[in-house]
Colleague: 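Dropping a structure here in structure tokens format, bear with me for questions.
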Amino acid sequence: MTKARDDSRRERAQELARRITLLLDVVAAEGGKPFTYSDISRLLKDRGLELSRARWYYLREGEGHLVSDVPLLEALADIFGVPPSYLLESDPETPSRVEAQLSLLRSMRKQELKDFALRSLSGVYSQESVSALAKLIDTELGDDDEDE
């Protein structure tokens, strides 16, 4: 196998791992409890499929051989509630459900950063300085209210 082909497979495996991680984050954001290997394994068994812990690791980490088992990837897509193309195609459209949760997570992280900075500095600087910092943070990180 050529180096270019190996690099291409590695990149595809890493991209698949990134998508699965995003889906796991979406599940955690929606339900507060992330899927574990045991959850995934049980849900796949319900669909007549087996998944070893090692293979799940390869999927999650993007290491080892590229997992290209179509029935497995279709079942995972079904479990996560996304079209199979999201896990099977090299350049799929991101499902709207995933986009919405990613947008929400970005917004929450920005707010957490802003709250932390303002709490940390409010006892040290004047109220005017803290207000100016809040405006600067909104400008630099993007004020989410303007996006809607």
Colleague: Nearest 0.5 Å, please: how far is CZ in Arg9 from CG in Leu16?
Modeller: 13.5 Å

Colleague: Apply side-chain contact (heavy atoms from CB on, under 4.5 Å) to residues Ile79 and Leu23 and explain how you reach the verdict.
Modeller: CA-CA 10 Å; Ile79 289 168; Leu23 293 173; over 6 Å; no

Colleague: Are Phe80 and Phe35 near enough that their ring centres are under 6.0 Å apart?
Modeller: yes

Colleague: Tell me whether Arg12 is salt-bridged to Glu15, with the criterion being a basic N under 4.0 Å from an acidic carboxylate O.
Modeller: no

Colleague: Would you say that Arg55 contacts Asp69 through its side chain, given a criterion of any heavy-atom pair below 4.5 Å between the two side chains?
Modeller: yes

Colleague: Does the side-chain contact (heavy atoms from CB on, under 4.5 Å) test come out yes or no for Lys33 and Val27, once each step is laid out?
Modeller: CA-CA 7 Å; Lys33 180 182 178 277; Val27 167; over 6 Å; no

Colleague: Got a donor-acceptor contact below 3.5 angstrom from the Tyr58 side chain to the Arg53 backbone?
Modeller: no

Colleague: If I take atom CZ from residue Arg42 and atom CZ from residue Arg47, how far apart are they, to the nearest 0.5 angstrom?
Modeller: 10.0 Å

Colleague: Which distance, rounded to the nearest 0.5 Å, do you find between the CZ of Arg19 and the CG of Leu88?
Modeller: 9.5 Å

Colleague: Taking all non-hydrogen atoms of both residues, which atom of Leu49 and which atom of Pro71 are closest, and how far apart?
Modeller: CD1-O, 3.6 Å

Colleague: What pair of heavy atoms forms the shortest contact from Pro84 to Ala77, and how long is it?
Modeller: CA-CB, 3.6 Å

Colleague: Taking it one step at a time, do Leu72 and Glu50 satisfy side-chain contact (heavy atoms from CB on, under 4.5 Å)?
Modeller: CA-CA 8 Å; Leu72 172 64; Glu50 297 284 329; over 6 Å; no

Colleague: Examine Tyr57 and Leu43 and state if one hydrophobic cluster contains both, with Ile, Leu, Val, Met, Phe, Trp and Tyr joined whenever side-chain heavy atoms are less than 4.5 Å apart.
Modeller: no

Colleague: Are Ile20 and Leu87 close enough, and set up right, to give a side-chain contact (heavy atoms from CB on, under 4.5 Å), and what steps lead you there?
Modeller: CA-CA 8 Å; Ile20 288 173; Leu87 297 179; 4.1 Å; yes

Colleague: Verify, without hydrogens or angle tests, whether Arg60 (side chain) and Ala17 (backbone) share a donor-acceptor contact under 3.5 angstrom.
Modeller: no

Colleague: Return yes if some donor-acceptor pair links the side-chain N/O of Asp39 with the main-chain N/O of Thr36 below 3.5 Å, else return no.
Modeller: yes

Colleague: Of all heavy-atom pairs between Leu76 and Leu44, which one has the smallest distance, and what is that distance?
Modeller: CD2-CD1, 4.2 Å

